Every structure is written in C-alpha cells, then in structure tokens.
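Just so it is clear, the structure is predicted and the values come from calculations on it, not from any experiment. The chains referred to below are lettered A, B, ... by the order of the sequence lines, with proteins before strands, and numbering in each begins at 1.
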Number of protein chains: 2
Amino acid sequence: MSEKLFVSAQEVAERAGVSRSAVSRTFTPGASVSTETRRKVLEAAEALGYHVNELARGLMRNESGIVCLIVSDVATPYRSALLRELTLLLQNAGKVAMLINTDRSDGSVDRALRQAIRYRADASIMLSGMPDKSIAQLCLRSGQRLVLINRDDEQPGPLRINLDDDEAAGRVVTAFVRAGCRKLAFANSEAGTPSLMARERGFVAAANALGIKVSVERHGWTGYEAGKVLAQRMLTRTERPDAVFCATDLLACGFMDAARHQFSMSVPDQLCIAGFDDIEQASWSSYDLTTFAQPVSAIASKAVEWLSQPQPQPQNDDTICAQSIRLHAELVWRGSIRGG
Amino acid sequence: MSEKLFVSAQEVAERAGVSRSAVSRTFTPGASVSTETRRKVLEAAEALGYHVNELARGLMRNESGIVCLIVSDVATPYRSALLRELTLLLQNAGKVAMLINTDRSDGSVDRALRQAIRYRADASIMLSGMPDKSIAQLCLRSGQRLVLINRDDEQPGPLRINLDDDEAAGRVVTAFVRAGCRKLAFANSEAGTPSLMARERGFVAAANALGIKVSVERHGWTGYEAGKVLAQRMLTRTERPDAVFCATDLLACGFMDAARHQFSMSVPDQLCIAGFDDIEQASWSSYDLTTFAQPVSAIASKAVEWLSQPQPQPQNDDTICAQSIRLHAELVWRGSIRGG
DNA sequence: TTGTAAGCGTTATCAA
DNA sequence: TTGATAACGCTTACAA
C-alpha cells in the first residue's frame, strides 16, 4: 500500500557507504564479507530498521521458504497437536508455515493447493482431504514437494506417512478378548478416510479370525457428538456389546459419556472402550481412555526432515521418487479396558 | 533450486499470442481486457498450468496478502478454535494466514514479528504474548497493521480486542452467592496475562463488595494438570471452599476431576465450579461446566473486518489510530453451579 | 483495448 | 573481498 514504507537494501547500502551487494552478502549465510563491511552494514541496518524482503529473495532464489499446511478441522485436538509440532519443527528448520483451511466442499482441497502454488510454497503438507490427481501432478511438476499424512496410499505425492492402523486394530481385539469380552462392536464415522477404514477392517478381520462377529455402526463426522449418537444406537439394542472400539478418541469420549450418563453403564466393568489418537482428553481422569498414540512428533519430524534434505534426485516427470513411511501406533494402557 | 519449473506470464503470453501485460490484466480484477483476449489468455494459462506468482505480485503492489497469526500453545482448545475462525475468515477475505508459533522464551514474540516483517505481511494478529514496544513500533512504521486479541490495553497496536473480563467475573460471584455459597475461591495460573488477572481482580472485588473473602491460588500455566494441582492445594485445607471460579475452562476441568476422583466431592452439591472460555469440553457430559463463552467468531470477524478496510487514515507516526473494541463474554449456564 | 518500458527488492555472475 | 549489471516475474503508467 501507499508510499515506500519498508526500508530497502539500497538505503542501507547508502547509509553504510557500501554497495547494495555488500548488504545482500551480509545477510546471506556463507557469503564472503569482511568483518569491517559487515559491521558497517549491520549498524546501518539496525539504525534504519532493515529486514530482508523474503518476497524478493524468494523470487530470485526460486525458493520461498514457505511450507503450506493443508488441513480441515484445525480445532480438533489431534489436528491441532500435529499442527503445533509441524509449525515448531518448520520454524527450527528455517521455514515458515502457511495455514490453509479446507472444508468438505468440492474443490476445497484443490483450491488450497492452487494457493500453495501461487505463493510458490516449497512444499505442501496435507493433513486432511485428498488432492485431485491432476492438481497434485501440477504441484510436483512445478517442483513443489508434497507430503501426505494419514492419507490414502493410492494418492499421488512423493512422501506418504501412514500408521499401522489395521495391525493396531488387531491388538485391541486381543485386549478385549483377554478382558473376557465377546460381544464386540466398532464405532466409526461416515468420513470414510483411509485410516479410519483401515482400523475398521483390521478390527473386524482380527475378530473374525477368532470366530467373533463384530457389529459395526457409522455415523457423522468423527466428533464427540457423533460418539454419543453411536452409543445411543448401539446400546438400545436388545443385545448390547460388552466392548467397543471407537475409530477416534473423540468418538470414544462421546460414547463413554453416553454410556455412563444416559445408560448408567459402568466402564470398564460392563463395557470396555478403546479409542485412537491419544488426544490430551484421553488421559483426563473422567475418561482414562485406553487408546493408540499417534506418534505426532515422529510424524512431524519425518516430514520436516524430508523437506530439509537438499532435493532428492533429478525427477523424472511421473512417479517422482514416491516414498512411503509406515509408523507404529503404540497402545497406551489406561482404565477403560479391564485387566490392563 | 534447479531450473525454471513454474510457468511464467511470459510463456502464457507467447502461447496466447498477446503481450505479457494482457496476461497480467486478465488476472487482475477490474482491469480492462477484451473478452477475446481474455479467452485466449485463460486458455493458454489453463493448458500450461499457469498460476500468478504472488511473491512477484506482492513485490510490485507492496501488499503481500499475507496475515501473520502469532500464537503460543496452538494445541489448546480455545486457541485452536480462534485459529480456525481466523483462518477461515481471512481466506474468505482473500488473504492467507501465516502461522508463527511462539513460546515463553525471551524474544520469541519479537522474532515472530520480525518474521512477519521479512515476509512483508500486511498485518499481524497476536493471540499470545506481548510484543516489545520498539519492534511493534517498527511494524507500524513499516505500514504493517497490528491486532492484539486479549492482550494488555497498555500494549502498542492500532486494534485491540478485549473482553469484559472483570465485569464477567462479578457475575460469577452473584451466581455463587445465589447458590448459597459463601466460601469462595479463585484458581488462577501463574501466566499473569492481563485477561487472567482482570478475571481475578474482578472476582475478588465483587466478592469483597459483598463482604466475602476470597482465597486465591496460582499455579502453573493454565492447563488441565495445573487445575488438578490447584485442587489438591485448596481441597486439603481445613476449610474447603464451597465454590471456585477457575480462570480458564482447562483449569476448571482439572479442578473438577481432582475434586471428584481424588476428594470424592460431588459437583455441584458440595462444590460449585465455573470456568472461562467455553471450550468444547466444557459442554461434554462429564463436565457440564458453567462458563463464559469467548465470542470467538465475533472476535475473528472484528479483526478481519478491520483488516479488510482500505487503510484507515494518513497515519501520523506515533499513535496510529489506536482503536479498542470491548466484547461481551456471555455466561453459559450448565450444571456445575446449583440452581441455574 | 493493447503493447512498450520502467520499476519493485532481491540474488547471482563476473570482472576488478 | 568488492561493486556493477543482469536477471526473477510481476504491475502499471504511458503511449499507441
């Protein structure tokens, strides 16, 4: 807006009595400047309140330092925890996070990626949604790196970080059975994201392998309220489950509250419950929920580490060095399953 | 990085058989282009996968479209809710959010603001911390706008959004007294931020006006665990309070859990509790907490609205059109105080 | 309505 | 080590 308000390297150079390139070099790590010129420049810069213009620098270097975080439901405990970790590590790596909110509307994710391209982000990290194949390819062709966290393995993108959801789900079955439960249930949302579905499949498969049938119910969008509704549905049946695995902690909290306060059931005596994510609330005394911990900091550091590496390889247009990382979700034992 | 990967307006112009300025105009709302040229340009752009370079555009226009959100403890329910609202509204206003995480270390906030300057952000919105006066002045002189949410009224910055914390605290006293409570307590953190202290002062003052003494305790950093510790301290005394106002919902949840599960007290029969923020968890059945709602969306829309206004006025260097907005925190009645 | 040309604040190249 | 000079990709007078 309006008249030249920010101080430019030119002005600093004039005041310090050096060339503008001397100023540039002073602020470029690893450039050769004599201590004397450096001192003069820094002094002038300080006095004038000069700060490098990253817009111009990014234009020249073809590297903006910006990393886009594409995410929906930022206010959700698990998402915000991951966000915290990512922004922290990005900052330490000398990058800066641009936050783009998506919703469930059509094209929301694509718009986010286009935004990332317009700002010439060095990379985009997707925590939610699935990008259209063509737009993702455009990102990659443009030299933008793409990281997909807990997204589909089918999705395009050079780095994919996933958990062992299905295998984890199997471990819950073991825990439930060991606690003497035989009437298992799985409470899911209708979101249908790959990780959610993998948990469901893994749970059902492991139970079936033991000759146990699982009643599955899906409702809403992975929130507390949906968990309550699911409980209302499953606990009003003639044959109540004696153990339920909820696809996320938020569902589990809602389920547990409904079971206790609306159906006067005691957890874990009459009903064992397990969740997934290990959000902060899972450890609160009122819930004391047995759950799987998302290795949030491991996820974040894998992602940022990968982004900080120079540039993997020459890039042949199509499958650009796709890489997949599978992390382990640790079971956190608490009081919502009998006989820990 | 490597060879020119992104498509430039130049290339689009060549393909479309027009000048580069025609391309520029096509992507500038309100510029004069004939429908025919526009069509040709859009076609070529689509085919080539062209996207305006906001870095270069920002350089020219002296307006980056970037708004920095400076915040600590992003993963906290209230903060992340505010963050959600802000990013959403900013996007709708055609801006983009840059997220900068601060911590309690010295200079953390100043570093964040310097980052904002380097990226030539149009504005910075501070949800946490207090900027050094000199760096804040630098922002303002540089033409960057500053919004302070729930910060000190003393702090520099042209737009300050605050709540009526002290007045709200007074209303809790009334509610407690009406419920028959006489032994009041206030549970605070050691953070000492202006809004927290205002709640404390308002509560104590209103109680004193009624001839009631308040026991005040401060501990930790406004989290669930701190609430538990505070409960342990205040409930092991010979004279237990019969009502406690916690400075935030997170403290209240911790306090309530400790009271119930460690001291077997019944809420609200033996102990009335109130909180502040109205985080999602406050409405969960296990807590059912009476609290004050932060008018999150009002806060966000006031901030973004103000940013979207052209540019208030000519700006005389020092106190640049400082403006203060005071919003009302509504009491949300739930079950943690008797006799709602 | 269109094209030409001059900047915006950097960094990179290349002599000196 | 230093200083000119040419990019980078865009917008915006100004002239046609």
Can you check the [X] [atom1] to [N] [atom2] distance for me, whole Å?
X      : N      : atom1 : atom2 : result
A:N53  : C:dC8  : CG    : P     : 12 Å
B:R118 : C:dT10 : CZ    : P     : 12 Å
B:E14  : C:dG3  : CD    : C1'   : 15 Å
B:R120 : D:dC10 : CZ    : C1'   : 17 Å
A:I117 : D:dG9  : CD1   : P     : 15 Å
A:E63  : C:dT10 : CD    : P     : 17 Å
B:L59  : D:dT12 : CG    : P     : 12 Å
B:Q10  : C:dA5  : CD    : C1'   : 13 Å

Inset, instruction - With axes from five pairs an end, tell me the bend angle of the helix from C:dT1-D:dA16 to C:dA16-D:dT1, nearest 10°. - result: 30°

My understanding is that only residues two or more places apart in sequence, or in another chain, count here; which of them pass salt bridge (charged side-chain N to carboxylate O under 4.0 Å, His left out) with [X]?
X      : value
A:R57  : A:E54
A:R111 : none
A:K95  : A:E63, A:D122
B:E43  : B:R39

Can you name the side-chain contact (heavy atoms from CB on, under 4.5 Å) partners of [X], sequence neighbours left out?
X      : answer
A:A121 : A:I66, A:C68, A:A116, A:Q144
A:A81  : A:R84
B:S297 : B:E85

Under 3.5 Å, sequence neighbours excluded: what are the donor-acceptor pairs made by side chains of residues 45-52 of chain A?
none

Inset, instruction - Assess the side chains of B:N150 and B:S195: does a donor N or O sit below 3.5 Å from an acceptor N or O? - result: no

Inset, instruction - Find which nucleotide of DNA chain C each of B:G17 and B:A56 is nearest to by heavy atoms, and output the residue with the more 5' nucleotide. - result: B:G17

Legend entry - Nearest to side-chain heavy atoms of B:T28, which nucleotide of D:dG9, D:dT11, D:dG3: D:dT11

Inset, instruction - Give a yes/no on whether any side-chain N or O of B:S24 is located under 4.0 angstrom from OP1 or OP2 of D:dC10. - result: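 For B:S24, the contact criterion (side-chain N or O under 4.0 Å from OP1 or OP2 of D:dC10) is not met.
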
Check nucleotides 4-6 of chain D for protein N or O atoms closer than 3.5 Å to its own N or O atoms and list the pairs.
unit_1, atom_1, unit_2, atom_2, d
D:dA4, N6, A:S21, OG, 3.4

Inset, instruction - Not counting sequence neighbours, which residues clear ring-ring contact (aromatic ring centres under 6.0 Å, His included) with B:Y78? List them please. - result: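 Residues passing ring-ring contact (aromatic ring centres under 6.0 Å, His included) with B:Y78: none at all.
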
Inset, instruction - Starting at OG of A:S34, measure out to NZ of A:K40 and round the result to the nearest 0.5 Å. - result: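 So the OG of A:S34 and the NZ of A:K40 are separated by 7.5 Å.
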
Legend entry - Those residues of residues 31-50 of chain A lying under 4.0 Å from DNA chain D by at least one heavy atom: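 When residues 31-50 of chain A is checked for heavy atoms under 4.0 Å from DNA chain D, the hits, listed by number, are A:S32, A:V33, A:S34, A:T37.
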
